[in-house]
Amino acid sequence: MFKKVIASALLLVMFTTNSSFAHQQKEAYISLLFNQRSNKLEVSHRFLLHDAEHGLARVIDGAGDLSIDEATQKRFFEYVQTHFKARTQTDKPIELEPVGYEVEGKYFWVYQEANMPDTESLKLRHSALHELWPAQTNHINVEKDGWVKSVRIQKKDNARWQIVELIKGD
């Protein structure tokens, strides 16, 4: 009997621990698409709604329900824009224009765009939510001419620009 109680308790701890750790993966996914048809660099940021809301509540006093509160959505939209930067290989800032934002299921999306930069590489920084969670990873995928290159940015990377070469290859 005692063994069954111990085994049940261990299973309960395992399931509880796994579900709590499953939500501890602080990640955002960002896509930069070189759209030849529109001659634009299109940027989309995808955050888990729960992480974005939790983070915003800690960064900005008075943040409301991100899933339904328009003012809170706008605040997070503006927050993301201030934490993402892109430059050309000659350090010329790429002027990103706000396009919009939306809640889609369990995600909060932020959209930006810029005129197509004339550059052979991009220098990128993305520090959103790093001040709250050092393990926050912002995955950036850059897509151009049918290939994709990726970088992952964590808090420890904030001091330097991450470089993505815009030529096909490794």
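Just the heavy atoms: all of them, side chains too, but no hydrogens, waters or symmetry mates, feed the values below.
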Contact summary for Glu42 and Asn35, nearest pair of heavy atoms: OE2-ND2, 2.9 Å
Between the NZ atom in Lys144 and the CG atom in Leu166, the distance rounded to the nearest 0.5 Å is 5.0 Å
What is the distance from atom CD of Glu27 to atom CZ of Arg46, rounded to the nearest 0.5 Å? 9.5 Å
Rounded to the nearest 0.5 angstrom, the CG-CD distance for Asp118 and Glu120 is 8.5 Å
Report yes if some heavy atom in the side chain of Phe108 is under 4.5 Å from a heavy atom in the side chain of Ser67; otherwise report no. no
Can you tell if the side chain of His139 reaches within under 4.5 Å of the side chain of Ile30, non-hydrogen atoms only? no
Under the ring pair (Phe, Tyr, Trp, His ring centres under 6.0 Å) rule, collect the residues that match up with Phe77, sequence neighbours excluded. Tyr101
Full working for side chain to side chain donor-acceptor pair (under 3.5 Å) between Gln162 and His126: CA-CA 9 Å; Gln162 302 301 305; His126 201 314; over 6 Å; no
Quick check: does any side chain N or O of Arg160 sit under 3.5 Å from a backbone N or O of Arg125, one acting as donor and the other as acceptor? no
Indicate the atoms forming the closest heavy-atom contact of Leu124 with Ala86, along with that distance. CD2-CB, 3.8 Å
Quick one: ring pair (Phe, Tyr, Trp, His ring centres under 6.0 Å) partners of His130, sequence neighbours excluded? none
Considering only distance and modelled atom types, tabulate donor-acceptor pairs under 3.5 Å from the side chains of residues 150-157, sequence neighbours left out.
{"residue": "Ser150", "atom": "OG", "partner": "Asn141", "partner atom": "OD1", "Å": "2.4"}
{"residue": "Gln154", "atom": "NE2", "partner": "Thr137", "partner atom": "OG1", "Å": "2.9"}
{"residue": "Asp157", "atom": "OD2", "partner": "Gln154", "partner atom": "N", "Å": "2.8"}

Could you check if a side-chain atom of Asp91 sits within less than 4.5 angstrom of a side-chain atom of Lys123, using non-hydrogen atoms only? yes
Any idea how Tyr79 and His83 line up, ring-wise: parallel (<30°), tilted (30 to 60°), or perpendicular (>60°)? tilted
Qualifying residues under ring pair (Phe, Tyr, Trp, His ring centres under 6.0 Å), relative to Trp161, sequence neighbours excluded: none
Taking every heavy atom of Ala114 against every heavy atom of Leu96, the minimum-distance pair comes out as CB-CD2, 3.9 Å
Quick one: CD1 on Ile163 to CZ on Arg87, what's the gap to the nearest 0.5 Å? 12.0 Å
Can you list the steps and then say if Gln81 with Gln112 is a side-chain contact (heavy atoms from CB on, under 4.5 Å)? CA-CA 8 Å; Gln81 290 179 86; Gln112 298 171 288; 3.5 Å; yes
With rounding to the nearest 0.5 Å, note down the distance linking CD in Glu97 to CG in Leu41. 12.0 Å
By side chain to side chain contact (heavy atoms under 4.5 Å, CB included), Asp145 pairs with (sequence neighbours left out) Gln36, Trp147
Go through Gln89 and Thr119 one step at a time and tell me if the side-chain contact (heavy atoms from CB on, under 4.5 Å) criterion holds. CA-CA 6 Å; Gln89 84 252 13; Thr119 186; 2.3 Å; yes
Ignoring hydrogens and geometry, is there a side-chain-to-backbone donor-acceptor pair from Gln73 to Leu66 under 3.5 Å? yes
Treating Ile, Leu, Val, Met, Phe, Trp and Tyr as nodes and any side-chain heavy-atom pair under 4.5 angstrom as an edge, say whether Leu132 and Val80 lie in one connected cluster. yes
Show the nearest heavy-atom pair for residues Leu48 and Tyr107, with the distance to one decimal. CD2-CE2, 3.6 Å
Hey, could you give me the CD/CG distance between Glu113 and Asn39, rounded to the nearest 0.5 Å? 11.0 Å
The criterion is side-chain hydrogen bond (donor to acceptor under 3.5 Å, both in side chains); which residues satisfy it with Glu102, sequence neighbours excluded? Tyr111
Please check if the side chain of Ser127 supplies one atom and the backbone of Asn158 the other of a donor-acceptor pair under 3.5 Å. no
Test Ile94 against every option in Leu122, Leu32, Val43, Asn115 by the side chain to side chain contact (heavy atoms under 4.5 Å, CB included) rule and name the one that passes. Leu122
Has Lys149 got a side-chain atom pairing as donor or acceptor with Ile167's backbone, closer than 3.5 angstrom? yes
Nearest non-hydrogen partners of Asn138 and Ala128, listed with the distance: ND2-O, 3.3 Å
Determine, using ring centers only, whether Phe76 and Phe47 are less than 6.0 Å apart. yes
Take His45 and Trp109, measure what side-chain contact (heavy atoms from CB on, under 4.5 Å) needs, and give me the verdict at the end. CA-CA 5 Å; His45 309 257; Trp109 290 86; over 6 Å; no
Report yes if some heavy atom in the side chain of Ile140 is under 4.5 Å from a heavy atom in the side chain of Phe84; otherwise report no. yes
